[in-house]
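Below is one structure, written out as structure tokens, with a few remarks after it.
A, B, ... follow the sequence lines: proteins, then strands. Residue 1 opens every chain.
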2 protein chains.
Amino acid sequence: MDADISSLKTANGNEARHEIVRAAAEVFMEFGFAATSIDAVAERLGATKGRIYHYYGSKAELYFDVQIAAMERLLREIEPIAQGEGNAAERLEAMALRHATILMEDLPMQKVAVRGLERELLGAVAARHAKTLRSIIRLRDDYEQIFAEVVDAGIRDGLFVDLPPRLATKPFFGALNWLTVWYVPRRLQKPEDVAEIARTLTGFAMRGILKGAQP
Amino acid sequence: MDADISSLKTANGNEARHEIVRAAAEVFMEFGFAATSIDAVAERLGATKGRIYHYYGSKAELYFDVQIAAMERLLREIEPIAQGEGNAAERLEAMALRHATILMEDLPMQKVAVRGLERELLGAVAARHAKTLRSIIRLRDDYEQIFAEVVDAGIRDGLFVDLPPRLATKPFFGALNWLTVWYVPRRLQKPEDVAEIARTLTGFAMRGILKGAQP
DNA sequence: TTGTCAACATACCGATCAGTATGTAGCCTC
DNA sequence: GAGGCTACATACTGATCGGTATGTTGACAA
């Protein structure tokens with residue numbers, strides 16, 4: 001958001017921050033926000049609190065950064081597909097496929113992001129970080145909006161079932177995002193299996209939204 | 001599980017426990033397990049810790065009871081439908097419709113149950129309550145099994161897409177269960193809207209799993 | 001009318017943990 | 001080679017919270 005005076009220092013700082021974010025994502029994924037201690041994140045880093053608090057002002061700020069990193073990757077990869085070529089069905093399918101794949105590739109980050117700001121935060125540190133909270137909710141809304149627009153186009157073209165776009169995207173996301181609940185990465189055998197799962201889920205979601213031929 | 005010597009005492013005890021479970025479900029839903037304090041649950045009850053610890057030995061035990069109550073309601077209502085009449089597609093549709101409706105009707109309990117035992121527990125109090133944990137996982141597996149069997153029947157009958165039943169049920173549940181993430185109950189206007197949402201989600205999920213007519 | 005027990009409330013303890021304050025080792029600069 | 005700064009580590013504090021120990025009150029029993 002504000003990295004501009006980039007020099008060696010800033011670059012190193014960004015890399016150091018990113019290491020912390022990755023470790024934090026893993027621990028947050030395992031235990032959730034409240035049950036994750038900064039000491040546990042530090043331990044996973046092979047370091048101590050000092051290192052983390054040198055780069056982050058609070059646990060909430062670190063948690064937010066995980067979410068932002070996850071959302072930014074999704075936005076960065078999916079938006080071009082949405083604006084690309086093909087009819088609404090083709091674009092939506094490509095978006096879903098990429099979306100599901102990213103969830104599995106970046107599971108820790110994405111799992112944290114998908115579970116979202118689950119109230120655990122709103123009640124607690126809401127006021128302090130109200131501005132950051134808004135911007136994350138904004139990111140999420142923007143992302144859903146990208147899908148909603150393609151869905152809307154598909155509905156207008158008569159390709160998709162006749163539903164309010166915002167409502168149609170809910171089960172669509174559900175079929176895909178649910179994998180963050182059940183998917184457990186196995187050692188080895190990964191690259192093709194991930195693609196296979198992504199195709200299966202995408203196929204399901206597309207059938208759910210496409211206007212069928214039978215009455 | 002062990003309520004047998006039922007007398008006035010046991011009956012009152014069960015009712016008292018159920019009140020606690022309801023309040024606990026609301027607070028757990030809002031803040032999650034770790035961020036929910038027993039004092040917060042007591043406050044929602046208009047009571048103090050003493051009341052809760054009179055009936056429950058620990059916070060984990062209370063949390064488990066919420067999950068058990070939620071799973072038991074689902075099992076109790078959906079199993080008869082699965083064993084009922086109709087072909088696989090008709091039964092699965094009725095099950096999905098009822099499932100989605102229950103999620104919305106009992107949102108606090110069901111939201112807690114859907115989010116499940118999210119590791120926040122496994123790491124922490126796992127050993128102490130290993131037995132209870134197993135039985136809850138068992139309940140969840142049993143429930144998914146009910147769906148998997150109907151799905152399997154539908155696949156064998158050529159009604160559903162040709163996928164491993166366990167894999168096909170994932171996005172099916174996803175489309176439905178995802179509502180626990182986005183659904184926010186509004187005052188008034190409820191009874192028919194809930195049914196409408198349930199029908200929409202069920203329709204999506206059924207299209208996702210039905211073998212389409214177009215190639 | 002006194003004992004008993006369920007059904008709580010109150011008071012307290014010990015552990016955990018976010019955040020802070022204070023070091024300190026290395027590098028860079030001049 | 002002295003000051004300064006970055007990138008941490010270490011030590012500490014204050015607050016929260018799960019659990020327990022100890023009341024207290026009313027109903028019922030005998």
Below 3.5 Å, can you tabulate the donor-acceptor pairs from side chains in residues 170-178 of chain A to any protein atom, sequence neighbours excluded?
unit_1, atom_1, unit_2, atom_2, d
A/Lys170, NZ, A/Glu144, OE2, 3.1
A/Asn177, OD1, A/His99, NE2, 2.7

**Study point:** Nucleotide of D/dA9, D/dG19, C/dC8 approaching A/Ala47 most closely (side-chain heavy atoms)
**Key:**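 Closest of the options to the side chain of A/Ala47: D/dA9.
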
Review point. Which nucleotide in the set D/dA7, D/dA9, C/dC8 lies at the smallest distance from any side-chain heavy atom of A/Tyr55?
Key: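 Closest nucleotide among those given: D/dA7.
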
Check your understanding: C/dA7 phosphate, OP1 or OP2: any side-chain N/O from B/His54 under 4.0 angstrom?
Key ->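 Answer is yes, contact under 4.0 Å.
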
Check your understanding: OP1 or OP2 of C/dG19 sitting under 4.0 Å from any side-chain N/O of A/Tyr56?
Key ->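 For A/Tyr56, the contact criterion (side-chain N or O under 4.0 Å from OP1 or OP2 of C/dG19) is not met.
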
**Study point:** B/Gln145-B/Glu149 side chain donor-acceptor pair, cut-off 3.5 Å
**Key:**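 A pair is found: one side chain offers a donor N or O, the other an acceptor, under 3.5 Å apart.
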
May I have the distance from [X] (atom [atom1]) to [N] (atom [atom2]), rounded to whole angstrom?
X	N	atom1	atom2	result
B/Arg51	D/dT25	CZ	P	19 Å
A/Ile52	C/dC17	CD1	P	13 Å
A/Glu19	D/dA7	CD	P	13 Å
B/Arg17	C/dC8	CZ	P	13 Å
A/Phe33	C/dC17	CZ	P	13 Å

Can you run down the salt bridge (charged side-chain N to carboxylate O under 4.0 Å, His left out) pairs that involve [range], sequence neighbours left out, and say none if there aren't any?
range	value
residues 175-187 of chain B	none
residues 45-64 of chain A	A/Glu19-A/Arg51, A/Asp39-A/Lys49
residues 191-206 of chain A	A/Glu192-A/Arg199, A/Glu196-A/Arg199

Review point. Is any side-chain N of the basic residue among B/Lys111 and B/Glu30 closer than 4.0 Å to the acidic one's carboxylate O?
Key: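 Answer for the salt bridge query: no.
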
Exercise for review: Determine, for A/Arg73 against A/Glu77, whether the closest basic-nitrogen to carboxylate-oxygen distance falls under 4.0 angstrom.
Suggested key: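 So A/Arg73 pairs with A/Glu77 through a salt bridge.
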
Just the table, please: protein N/O against nucleotides 20-28 of chain C N/O, every pair under 3.5 Å.
none

Practice item. Residues of residues 36-43 of chain B with any non-hydrogen atom less than 4.0 angstrom from an atom of DNA chain D: list those, numerically ordered, please. Key: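 Heavy-atom contacts with DNA chain D come from B/Thr36, B/Ser37, B/Ile38.
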
Check your understanding: Should the ring pair A/His129 and A/Phe64 be called parallel, tilted or perpendicular, given that the plane angle runs from 0 to 90° and is split at 30 and 60?
Key ->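 Taking A/Phe64 first and then A/His129, their aromatic rings stand perpendicular (interplane angle over 60°).
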
Check your understanding: A/Arg91 side chain to A/Ala82 main-chain N or O, any donor-acceptor pair under 3.5 Å?
Key ->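 Between the backbone of A/Ala82 and the side chain of A/Arg91 there is a qualifying donor-acceptor contact (under 3.5 Å).
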
